[in-house]
There are 2 protein chains.
Amino acid sequence: MADEKTQIRFGILGCAEIARKVCRAIHLSPNSILHAISSRSIQKAKQFAIKNSLPETLKLYGSYEEVLDDPFVDAVYVPLPTSLHVKWAVLAAEKKKHVLLEKPTALNVGELDRILDACRSNGVQFMDGSMWYHHPRTTRLKEFISDPNLFGQVKTVFIFVNAGLMFKSFWRKIYDMDLSSSFFPPPQFFENNIRTKADLDSFGALGDAGWYCIGAIMWAMNYKLPTTVTASPATIFNSNGVIMSTTVAFHWEQEGTIATFYCSFLSHETMDVAVLGSKGSFHVEDLIIPYEESSASFSFTSGAAFVNMQLGWNMKDKEVQVHNELPQEALMIKEFSRLVKGIKDSKIGPDTKWGDISRSSQVVLDAVKSSIDIGFKMVYI
Amino acid sequence: MADEKTQIRFGILGCAEIARKVCRAIHLSPNSILHAISSRSIQKAKQFAIKNSLPETLKLYGSYEEVLDDPFVDAVYVPLPTSLHVKWAVLAAEKKKHVLLEKPTALNVGELDRILDACRSNGVQFMDGSMWYHHPRTTRLKEFISDPNLFGQVKTVFIFVNAGLMFKSFWRKIYDMDLSSSFFPPPQFFENNIRTKADLDSFGALGDAGWYCIGAIMWAMNYKLPTTVTASPATIFNSNGVIMSTTVAFHWEQEGTIATFYCSFLSHETMDVAVLGSKGSFHVEDLIIPYEESSASFSFTSGAAFVNMQLGWNMKDKEVQVHNELPQEALMIKEFSRLVKGIKDSKIGPDTKWGDISRSSQVVLDAVKSSIDIGFKMVYI
């Protein structure tokens with residue numbers, strides 16, 4: 001076990017549902033410890049601690065400022081609504097706290113740049129809370145699609161992510177409903193959930209499921225920005241003007257590559273990613289949250305061709321299982337804390353890679369929003 | 001075994017590569033027999049018969065007309081280039097031959113209507129040569145997506161089909177190349193192959209792989225025409241102006257459904273179909289030609305949701321294996337011959353379902369071509 005004194009101490013701003021998962025991840029990660037949580041009222045913070053059986057030694061605060069002023073806090077995790085990110089992430093950086101920020105990172109790239117600048121000038125680490133990057137399956141997939149002989153050049157990417165049921169427990173809590181496994185959110189859900197209120201997060205499904213789609217596409221394209229972004233008129237809004245589902249196409253002119261994603265609150269739960277290359281292809285059904293905690297799979301083919309008279313193929317797709325010692329969210333915390341530890345020990349400076357990754361997604365997210373706002377026209381980046 | 005006298009006797013117009021597969025399918029189907037083949041020269045017909053070990057009793061003709069004039073021929077299979085379909089299919093119908101026509105069925109829906117009219121007025125059966133409709137897996141998938149509780153409403157469809165390597169044996173024959181399993185066609189291929197010559201088949205990848213994409217999307221939508229069709233500017237042409245790859249989006253305004261396909265000659269071989277519904281989803285990697293001849297699989301989920309704290313799911317995807325007694329192309333011939341037999345015995349009239357299915361794909365194909373021709377603008381159907 002790691003020495004408690006060398007562990008990175010986390011404070012959490014806000015008691016959102018997702019914070020429960022990150023609390024557990026901090027606990028599971030050997031180089032991290034949860035030091036403080038906060039909410040806008042001390043009562044809410046207490047309830048959260050009790051409900052999640054957090055240790056009694058945990059500091060509970062009735063305001064976010066108190067976490068930032070706690071000298072024992074090394075890093076903060078910020079699961080606040082998107083519209084509050086710029087204020088609290090900048091303040092955290094100014095207080096020399098390392099920043100793990102929930103996605104979408106900001107309402108626009110201008111805001112994100114303020115956050116990244118604050119982190120840079122204060123020498124603190126930045127990372128957004130996208131967990132799937134940290135799963136060893138993602139590393140394996142990257143090796144595969146980077147292999148010029150096995151995969152070749154990326155030709156097209158198709159992704160759909162639906163997170164309509166993501167808030168089932170939230171919904172159950174609010175409405176005390178008996179939810180079967182085939183639960184589908186009633187219409188009010190889409191009017192009341194935080195992600196569907198324009199003042200808190202106008203992106204809706206685009207900022208939630210769409211953030212993952214954009215991230216996965218950018219990942220597949222080595223974070224090279226597309227030439228153009230075009231949202232489809234087949235975009236559905238709720239009565240607050242928040243995006244409930246949309247389909248978007250990206251085009252890399254030089255490479256001739258096209259990527260299309262569908263993100264939604266309105267469909268069956270899914271996280272389907274298929275990437276087709278000149279020599280190989282792969283498919284994942286659970287990219288963002290693996291079906292199981294301790295392993296995840298993908299299927300691929302390479303050099304597939306039809307055999308004599310097109311009666312069949314020269315191969316079937318192969319399934320690869322990748323085991324992970326820790327859940328992906330704990331791997332994220334472990335990596336973040338490793339970077340923070342290096343900075344604390346003055347061995348390394350902040351790793352700008354994670355900010356660059358977030359920024360590429362934010363730039364594309366902004367372009368998608370622009371395309372929607374100007375009537376689903378093509379936007380050049 | 002079926003009595004030879006009751007079997008449907010086929011004649012084939014042209015000795016295209018695909019004809020080899022259909023010869024075998026006619027042989028495998030219990031209610032069919034191959035009676036005659038033809039080519040523009042008797043020499044080519046003879047070579048084809050020898051190469052494929054066809055029986056010596058087979059009639060060999062040096063012109064297509066002779067097949068149509070053979071009174072023993074009940075039905076013709078027409079694998080000629082698309083530009084020749086209207087002439088030969090209409091002539092065949094007028095000679096009272098039932099018509100099994102390779103896809104794409106025609107250069108435009110006007111031509112197809114002439115073919116369908118000729119079949120109707122002459123009381124002969126029409127069917128296009130899309131084999132995958134006849135696989136029992138397709139029937140199982142249809143049951144699944146038609147189930148309002150398990151699947152719900154179709155939200156989005158993603159398909160990519162690449163057939164760049166389909167003509168490997170053709171290519172090998174022409175250039176006498178030593179082709180490894182990771183063979184990728186050299187650039188000349190795309191200039192010389194029949195599917196890439198504008199005078200014979202201007203659709204290119206759109207008529208070939210794209211026909212399947214359109215067919216599968218229309219199948220998923222119960223053949224309801226989309227409101228709009230929009231091709232992406234990310235379309236690649238060869239020097240003859242033939243489509244090498246394209247991406248196209250369909251929108252059903254009333255349903256809010258969107259479908260996107262990518263068809264290509266330029267990628268890894270693949271036939272990836274994913275359909276997402278409000279309550280379920282499925283995925284198939286080998287829809288058009290199954291990996292194996294005697295069985296095929298699909299994976300699906302229904303009622304999937306994230307469990308406590310989004311640490312995982314309430315289920316994994318399930319894989320379903322569907323066995324088939326005959327290869328799908330033989331099932332196609334069997335069904336076609338069953339319909340022809342019914343007409344011959346005056347028990348049933350021609351089944352217009354297959355013509356309607358072909359026509360829906362042809363209407364959409366025309367719209368895609370229009371969208372490309374007018375600069376990738378949205379086309380209303």
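Chain identifiers are assigned alphabetically (A, B, ...) following the order of the sequence lines, protein sequences preceding nucleic acid strands; residue numbering begins at 1 within each chain. Nothing here was measured: the structure is a model prediction, and the numbers come from that model.
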Roughly how far, to the nearest 0.5 Å, is the NZ atom of K279(B) from the CD atom of E269(A)? 14.5 Å

Side chain from CB out, backbone as N, CA, C, O: work out which of these in F376(B) comes under 4.5 Å of a heavy atom of chain A, or both, or neither. neither

Spatial distance of atom CG (D317(A)) from atom OG1 (T270(B)) [nearest 0.5 Å]: 9.5 Å

Portion of M131(B) that has a non-hydrogen atom of chain A nearer than 4.5 angstrom: neither

Between CZ on residue F160(B) and OG1 on residue T260(A), distance to nearest 0.5 Å: 10.0 Å

Let me know if S299(B) has heavy atoms under 4.5 Å from chain A in its side chain, its backbone, both or neither. side chain

T247(B) portion near chain A, given a 4.5 angstrom heavy-atom threshold: side chain

Spacing of S297(A) atom OG and K316(B) atom NZ [to the nearest 0.5 Å]: 5.5 Å

Would you say W313(A)'s side chain and I289(B)'s backbone share a donor-acceptor pair under 3.5 angstrom? yes

Checking heavy atoms, do the side chain of I159(B), its backbone, both or neither come under 4.5 Å from chain A? backbone

Evaluate the side chain to side chain contact (heavy atoms under 4.5 Å, CB included) criterion for residues Y291(A) and N314(B): first the C-alpha distance (whole Å), next the side-chain angles of each, then the deciding distance (0.1 Å), finally the verdict. CA-CA 8 Å; Y291(A) 286 132; N314(B) 61 347; over 6 Å; no

With a cut-off of 6.0 Å (strictly less than), are more than 12 heavy atoms of other residues, nucleotides or ligands near CD of Q254(B)? no

Of L276(B), T301(B), I258(B), the largest count of non-hydrogen pairs under 4.5 angstrom with chain A goes to L276(B)

Choice from S245(A), S302(A), P327(A) maximising heavy atom contacts with chain B below 4.5 Å: S302(A)

As a quick check of understanding, evaluate ring pair (Phe, Tyr, Trp, His ring centres under 6.0 Å) for F158(B) and Y262(A), giving each step before the final call. CA-CA 9 Å; F158(B) 278 138; Y262(A) 169 86; 7.1 Å; no

With a 4.5 angstrom heavy-atom cut-off, could you sort out which part of E329(B) is near chain A: side chain, backbone, both or neither? side chain

What one should report as the nearest heavy-atom pair of G256(B) and I236(A) is O-CD1, 4.3 Å

Between P233(B), G152(B), A234(B), which shows the greatest number of heavy-atom pairs under 4.5 Å with chain A? A234(B)

Using heavy-atom distances under 4.5 Å, tell me whether A249(B) contacts chain A through its side chain, its backbone, both, or neither. neither

Between Q328(A), H283(A), E285(A), which residue shows the highest count of heavy-atom pairs closer than 4.5 Å to chain B? H283(A)

